[in-house]
Amino acid sequence: MTYSRRNSAEEQKEACQKATQLMVICEKLHITLDPIDWQNSGMRACVTVNAIEISDLFDLGQQDNDSILRRFQIKLLEHAALETVHARPGLKTLMWSPVDVVQPQTFLSLWILTMETDERIAIAEYIRNGQRVYEHYELDLDDGQQLAKLFGPVHKGEYHLGDTVTIEEHERKCTGEIVYIIAPGKAFTSRKYPAKGYHTILGKTYTNDVSSRYIMGYDNDSYKFGPFAGSWPDVVNDEFTFLGSFKL
């Protein structure tokens, strides 16, 4: 509906209703909203959580519960990631990627956010004292117990723990050490669409074979290259699946 001065009363009435409905929905989702100024801004009133802008009342008022939750998650995850890296003003997030881990965990969900700088930040979603909380999740590559708790028992692959592997994709090359091996078949949804083309690993070309997935650590020199620069996993193809970008 398009509002004007003639129907501002109707807008305020609808804005009041939508604001009340949204607060009820968010309470069930363990999210506490800041006061919504629907009296002055109507349906364009800004919806915030701890002063973090999510969207306006008009937009959120048209969404179902699942979509509302996702809108809040996207903004709150991004805010936590930007705080983690002390980001410069205007830095944008390119991808929000949920990570499939074994259960149970101390967190509700685990996400990898890929920044436009190619840095990847892990953010965990918790529910504490009845509220959703988003915090940086730190991974110690030397802690085998932590890796096993997240990804399950180490798997046996064609390559072995400690092997040095060079991955080349689209004229970009990185060399790193395999620090963990994950069995095939676990869905790490880091990309909406898998990267196309072939990947060369230690002189071998993989095109269609399904194989184990590897978490890799990089030294300072290899760490700076292309899309592999970062701090958390990324799936780059459907064949030899690369779960890497860990700085050693």
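Given the structure is predicted, the values throughout are model-derived calculations rather than measurements. We count residues from 1, following the sequence as given.
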Side-chain donor or acceptor of Asp163 paired with backbone N/O of Ile178 under 3.5 Å: no
Could you check whether any side-chain heavy atom of Ile36 comes within less than 4.5 Å of a side-chain heavy atom of Val47, counting everything from C-beta outward? yes
Could you list all the side-chain hydrogen bond (donor to acceptor under 3.5 Å, both in side chains) pairs where at least one residue sits in residues 140-149, not counting sequence neighbours? Tyr137-Gln146
Trace of the salt bridge (charged side-chain N to carboxylate O under 4.0 Å, His left out) decision for Glu116 with Arg88: CA-CA 12 Å; Glu116 62 182 351; Arg88 59 173 171 76; 3.2 Å; yes
Got a salt bridge between Arg128 and Glu135, using NZ or NE/NH1/NH2 to carboxylate O under 4.0 Å? yes
Polar side-chain atom of Thr20 near backbone of Cys16 as donor-acceptor pair, under 3.5 Å: yes
Atom pair CD/CD1 of Glu83 and Ile123 - distance to nearest 0.5 Å: 9.0 Å
CG/Leu113 to CE/Met115 distance, rounded to the nearest 0.5 angstrom? 6.5 Å
Side chain proximity check, Val99 to Trp111, heavy atoms < 4.5 angstrom: no
Residue pair Asp56 / Met43, side-chain heavy-atom distance below 4.5 Å: no
Considering only heavy atoms from C-beta outward, does the side chain of Tyr134 approach that of Leu77 to under 4.5 Å? yes
Indicate yes or no: at least one non-hydrogen side-chain atom of Thr48 is less than 4.5 angstrom from one of Ile54. no
Under 4.0 Å between a Lys/Arg side-chain N and an Asp/Glu carboxylate O for Glu78 and Arg71? no
Chi angles and distances behind the side-chain hydrogen bond (donor to acceptor under 3.5 Å, both in side chains) call for Gln131, Thr32: CA-CA 7 Å; Gln131 297 297 309; Thr32 299; 2.8 Å; yes
Close side-chain approach of Leu161 to Val179, heavy-atom, < 4.5 Å: no
Between Val102 and Phe151, is there a side-chain heavy-atom distance shorter than 4.5 Å? no
Using the six-membered ring of Phe72, assess whether NZ or CZ of Arg132 lies under 6.0 Å from its centre and within 45 degrees of the ring axis. no
Looking only at side-chain N and O atoms, does Gln39 offer a donor or acceptor that is under 3.5 Å from a partner on Gln12? no
Within a 6.0 Å radius of atom CG on Asp64, are there more than 12 heavy atoms belonging to other residues, nucleotides or ligands? yes
On a heavy-atom basis, the closest approach of Cys46 and Glu53 is SG-CG, 3.3 Å
So do Gln105 and Gln103 actually touch side chain to side chain, heavy atoms under 4.5 Å? yes
